[in-house]
2 protein chains.
Amino acid sequence: MTPVRPTMSDVARAAGVSAMTVSNVLTGRRPVSPATRARVEAAAAELGYELNLTARHLRAGRTDTVALVVPRLDHPYYGELAARLTGLLAPQGRHLAVEQTDAGPHGELAALTQARWQLYDGVLLSVVGLTPADLDSVRTSAPLVLLGEQRMPARHDHVRMDNVRGARIATAHLLAAGSRRVAVVGGADPDPDAGMMPARTAGWVAAHAAAGIEPDPALVVPAPRADLADGRDAVRRLVAADVPFDGVLAVTDTLATGVLAGLAEAGLRVPDDVQVVGFDDLAASGFTVPALTTVDPGHDAMAHAALRLLDRQAGPAGPGGAGDPGRTGEHVVAPVRLVVRGSTRPVA
Amino acid sequence: MTPVRPTMSDVARAAGVSAMTVSNVLTGRRPVSPATRARVEAAAAELGYELNLTARHLRAGRTDTVALVVPRLDHPYYGELAARLTGLLAPQGRHLAVEQTDAGPHGELAALTQARWQLYDGVLLSVVGLTPADLDSVRTSAPLVLLGEQRMPARHDHVRMDNVRGARIATAHLLAAGSRRVAVVGGADPDPDAGMMPARTAGWVAAHAAAGIEPDPALVVPAPRADLADGRDAVRRLVAADVPFDGVLAVTDTLATGVLAGLAEAGLRVPDDVQVVGFDDLAASGFTVPALTTVDPGHDAMAHAALRLLDRQAGPAGPGGAGDPGRTGEHVVAPVRLVVRGSTRPVA
DNA sequence: CTGTTAGCGCATTCAC
DNA sequence: GTGAATGCGCTAACAG
């Protein structure tokens, strides 16, 4: 009457076979005669046997579970990424476990150095705040693929979006539709390799250069936390400072959604007074009022690439794949695409 | 030069002690002399030793990781819940791993019967589509707490919102502010125990009863997937069918956001022509245009309660806590609260 | 097709 | 305060 969980030996005894045969029935790694198989399955069902995955992991080094490590789970971007990855893994009988590090270098660095990723067959790490030096010092035991918009050490596999091009075509769209003073909300020192905000700001600069327009530095509005309130506050600040503007490139859809709220609050009409374009193509962005013109950052391509790179590491070199300091990683850039909706005016 | 990971024995050899002593240094479960401790720590650092968590788990039965299992990770409600739980666990040195089951009974039931939850110290399972019978048949090895709005078997611990009351006060607010024909988007057969939509519809019915109004069945609009498109389409359907309405109770904020999009599309003004109230108080709901009046379902209370129940199971009866068929679970109902914003008119 | 032996890396006895 | 033996539950490698 002890509620102790039965083990393979228990099942084996009940079925009159050895533990090895039970294992073979369960894993299918070696052929088993139908009769034996049936006896084992019956015994397992009878005893309510459940495989102990921890023991399997210790022995076989495999959990069939991939970790996705992100800064914040309450940001829809990561939720959508997680859902997409789960959808790709499920048909293969693999699982995704998502963990949050909280934004900032401390949490992310801790994430990397922690032994707990051994619980997983591989780790997809969304990097926001780490420096290349931080990343360079990293040794992980499990296969590792980095996701993020900053420059990463060459030895790690890395998947990112085409931020500069995305921001450039988005800004070009605003300019083509008549905006002349396009604010960049979430703007920063332009730099294609220094993270999401600098890279997208670089695209904003490039679009202006291509159009022969000198952008006003007053139109660069920082948004450190990149959340909804930051977007709304950016508009408040522009209005309060009397900086005229007739277009907004928000570097994320979340910021753009906040911008729409700020514009409504200020009594500015979208797209008539101010055109707005975002970046990320979140599910909700098709349902804002008005619906958001935005940049699809190649979600599917990123998810596919990330898993392909992970599997590539798991393959040849064994667990040492990412640990080899001399290794050269693969760096994938997903293609972007402009999605035109109601927050911008038709282009002639 | 083999990149094989060092084990405790390796560290022990390097430090000139036994593996047991290394373990004692790392766990602190037995006193170790400062000199020995220093030697062991130096050796561990030298070799780049990392504890093998899987082995510890097999031996000690503990991963310090709790699983949150949800239907969909791209639904902001679950992302926000996950972020909240992570925040509560982190200070205790514990972790949250989130996994998605995909909506529907099959995925959820599979989730429950799967042995893989052994990887975790406990499981918080968000239930949407399972019947009580499904749940009754469940034996999990790890501590289990159910989250969800339907009736659950008494033996499981369970945390839910006060759906009926939430929907009732939300609807009462619409009626008090002058609406007379309040549609319920995501409506279903009213029943306080049959899941989120029936329970919230029951609240809508109750508010009408209290106000002495007979609600028109034509105002009950189903929204099976409860996503943004369902919300927008509900408005399209009401308009196309010429059903007059001057208020909407959307049973989730996601639906409400879709409803706002649909109303904008139909040229109906919010709150002047139609007042809208949602349910869930998502982060984004403060930034829709106009901002959404909604029901705060007691997020914090739910998160706290869920973890408390999990820890309670882990404590006394050992791992058998939830497995005992004779056990009586605790059932917690979080308190709701109306959050008034711009999508409803001021109440006199 | 099936069984036997051995050991994954750690932590719990029990000894000293 | 430290060490030696033992086993958690499973599966690879070798029999047969």
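Numbered from 1 within each chain, the chains take letters A, B, ... in sequence-line order.
Atom pair A/Tyr49:OH and D/dG9:P shows a separation of 10 Å (rounding to whole Å applied). A/Asp10 places its CG atom 11 Å from the P atom of D/dC8, with the value rounded to the nearest Å. Rounded to whole Å, the distance from CG on B/Leu51 to P on C/dG9 is 12 Å. The CG-P distance, from A/Asn24 to C/dC1, rounds to 11 Å in whole Å. Residue A/Met20 contributes atom CE, which lies 12 Å from atom C1' of C/dC1 at whole-angstrom precision. One interatomic measurement links the two molecules: CE of B/Met8 to C1' of D/dA4, which rounds to 16 Å at whole-angstrom precision. Between the CZ atom of B/Arg13 and the P atom of C/dC10 there is a distance of 13 Å, given to the nearest Å.
The phosphate of C/dC10 has neither OP1 nor OP2 within less than 4.0 Å of any side-chain N or O from B/Arg56. An OP1 or OP2 oxygen of C/dG3 is reached within less than 4.0 angstrom by a side-chain nitrogen or oxygen of A/Ser18. Taking 4.0 angstrom as the limit, A/Thr21 places a side-chain polar atom (N or O) nearer than this to OP1 or OP2 of C/dG3. Within the 4.0 Å cut-off from OP1 or OP2 of D/dC8, not a single side-chain nitrogen or oxygen of A/Thr54 is found.
Along DNA chain D, the nucleotide nearest B/Ala55 and the nucleotide nearest B/Val17 are compared for position; the residue whose nucleotide lies closer to the 5' end is B/Val17.
The local environment of CD in B/Glu46 is sparse, with at most 12 non-hydrogen atoms from other residues, nucleotides or ligands closer than 6.0 Å. The number of heavy-atom neighbours closer than 6.0 Å to NE2 of B/His304, taken from other residues, nucleotides and ligands shown, is 12 or below.
In this structure, A/Ala97 and B/Ala97 approach most closely via the heavy-atom pair CB-CB, 4.1 Å. Of all heavy-atom pairs between B/Val66 and B/Arg94, the closest is CG2-NH2, 4.0 Å.
End-to-end axis angle for the helix from C/dC1-D/dG16 to C/dC16-D/dG1, using five pairs per end and rounding to 10°, comes out at 30°.
Across residues 31-38 of chain A, not one residue has a non-hydrogen atom less than 4.0 Å from an atom of DNA chain D.
Sorted by first then second residue, the salt bridge (Lys or Arg N to Asp or Glu O under 4.0 Å) pairs that include residues 18-40 of chain A, not counting sequence neighbours, are A/Arg37-A/Glu41.
Between the side chain of A/Glu99 and the backbone N or O of A/Ala67, no donor-acceptor pair lies under 3.5 Å. Of the possible polar contacts, one joining the B/Thr86 side chain to the B/Ala82 backbone as a donor-acceptor pair under 3.5 Å is found.
Under 3.5 Å, the side chain of A/Arg30 and the base of C/dT2 form at least one donor-acceptor pair of N or O atoms. Evaluation of atom-type donor-acceptor distances gives a pair under 3.5 Å for the side chain of B/Arg59 against the base of D/dG7.
Ionic pairing of A/Arg312 and A/Asp157 is present here: one or more N-O contacts between side-chain nitrogen and carboxylate oxygen are shorter than 4.0 angstrom.
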* Asked: Hey, mind stepping through A/Arg308 and A/Asp311 against salt bridge (Lys or Arg N to Asp or Glu O under 4.0 Å) and telling me if it holds?
  -> CA-CA 5 Å; A/Arg308 180 176 61 75; A/Asp311 292 343; over 6 Å; no
